[in-house]
Amino acid sequence: MHEYASGCERQSDPRWRIEALCTEPPTRPDQDEQLCRATGALTAAGLAPKHPVSCGEHNQQGDGTYHVIEFGESELFISTLGRFATGYEDDFTARRALESAGFHPAETGGFPQQSRRW
């Protein structure tokens, strides 16, 4: 909410701005610790993850609110806004590993904008 409320435009839902004005922004997670936890969990599950990269670096443009971790032929997306993760493949080993490390599936309204399998 706080991440996007400052960009509200005239036709934006006014509840966004009101909520942002009436609440404290959430504490941002320590991204390095979060990425270390994710890659550690994936490694412990035997998935051999590559080093995480920002979505801007991965897509060779822009910036965003997630990091990409590749392993094998798959990609996972780790949110910078909280303990959320998603991926395109139905890799239940990866999902269980991330859930055991404290991540939650980003199944609706998450990131990136393409369709997701999780």
Side-chain angles (χ1 to χ4, degrees):
M1 164 54 78
H2 282 271
E3 184 73 22
Y4 301 105
S6 64
C8 286
E9 296 182 7
R10 185 175 182 88
Q11 299 298 319
S12 295
D13 186 332
R15 294 174 290 186
W16 278 50
R17 181 143 343 252
I18 291 168
E19 185 173 334
L21 292 171
C22 295
T23 61
E24 291 294 319
T27 303
R28 286 212 173 229
D30 179 331
Q31 291 180 34
D32 291 335
E33 185 274 330
Q34 189 164 279
L35 294 171
C36 183
R37 192 166 12 110
T39 55
L42 295 169
T43 300
L47 297 176
K50 294 182 181 177
H51 183 74
V53 296
S54 71
C55 62
E57 183 179 336
H58 179 74
N59 296 315
Q60 299 177 350
Q61 65 179 6
D63 198 12
T65 56
Y66 64 96
H67 286 85
V68 179
I69 299 177
E70 295 181 359
F71 65 98
E73 298 294 318
S74 299
E75 297 177 327
L76 294 173
F77 309 98
I78 308 296
S79 175
T80 62
L81 303 177
R83 291 179 296 166
F84 301 101
T86 191
Y88 294 123
E89 306 297 323
D90 283 333
D91 190 318
F92 295 106
T93 302
R95 182 174 179 154
R96 281 192 299 274
L98 291 176
E99 286 175 343
S100 72
F103 290 89
H104 306 283
E107 298 185 88
T108 59
F111 56 91
Q113 297 302 314
Q114 298 94 349
S115 64
R116 295 174 299 281
R117 294 295 304 252
W118 283 15

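Heavy atoms only: backbone and side chains are in, while hydrogens, waters and symmetry mates are out.
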Below 4.5 Å, heavy atoms only, C-beta onward: do [X] and [Y] meet side chain to side chain?
X: Ile69; Y: Thr39; answer: yes
X: Ile78; Y: Leu98; answer: yes
X: Glu99; Y: Pro105; answer: yes
X: Pro52; Y: Val68; answer: no
X: Tyr66; Y: Leu81; answer: no
X: Glu57; Y: His67; answer: no

Asp91 side, atom CG; Leu76 side, atom CG - distance, nearest 0.5 Å:
7.0 Å
Leu47 CG to Glu70 CD distance, which is reported to the nearest 0.5 Å:
13.5 Å
All side-chain hydrogen bond (donor to acceptor under 3.5 Å, both in side chains) counterparts of Gln34, not counting sequence neighbours:
none
By side-chain hydrogen bond (donor to acceptor under 3.5 Å, both in side chains), Gln31 pairs with (sequence neighbours left out) none
Can you name the closest pair of heavy atoms from [X] and [Y] and give their distance?
X: Cys55; Y: Thr65; result: SG-N, 4.1 Å
X: Ala97; Y: Ala41; result: O-CB, 3.4 Å
X: Gly82; Y: Pro29; result: N-CG, 3.8 Å
X: Phe71; Y: Ala94; result: CZ-CB, 3.8 Å

If only atom types and distance count, is the side chain of Asp30 paired as donor or acceptor with the main-chain N or O of Asp32 below 3.5 Å?
yes
On the six-membered ring of Phe103, is Arg37 placed so that its NZ or CZ lies under 6.0 angstrom from the centre and within 45° of the ring axis?
yes
Determine the interplanar angle of the His104 and Phe84 rings, folded into 0 to 90°, and report it as parallel if under 30°, tilted if 30 to 60°, perpendicular if over 60°.
tilted
Within a 6.0 Å radius of atom CD on Glu33, are there more than 12 heavy atoms belonging to other residues, nucleotides or ligands?
yes
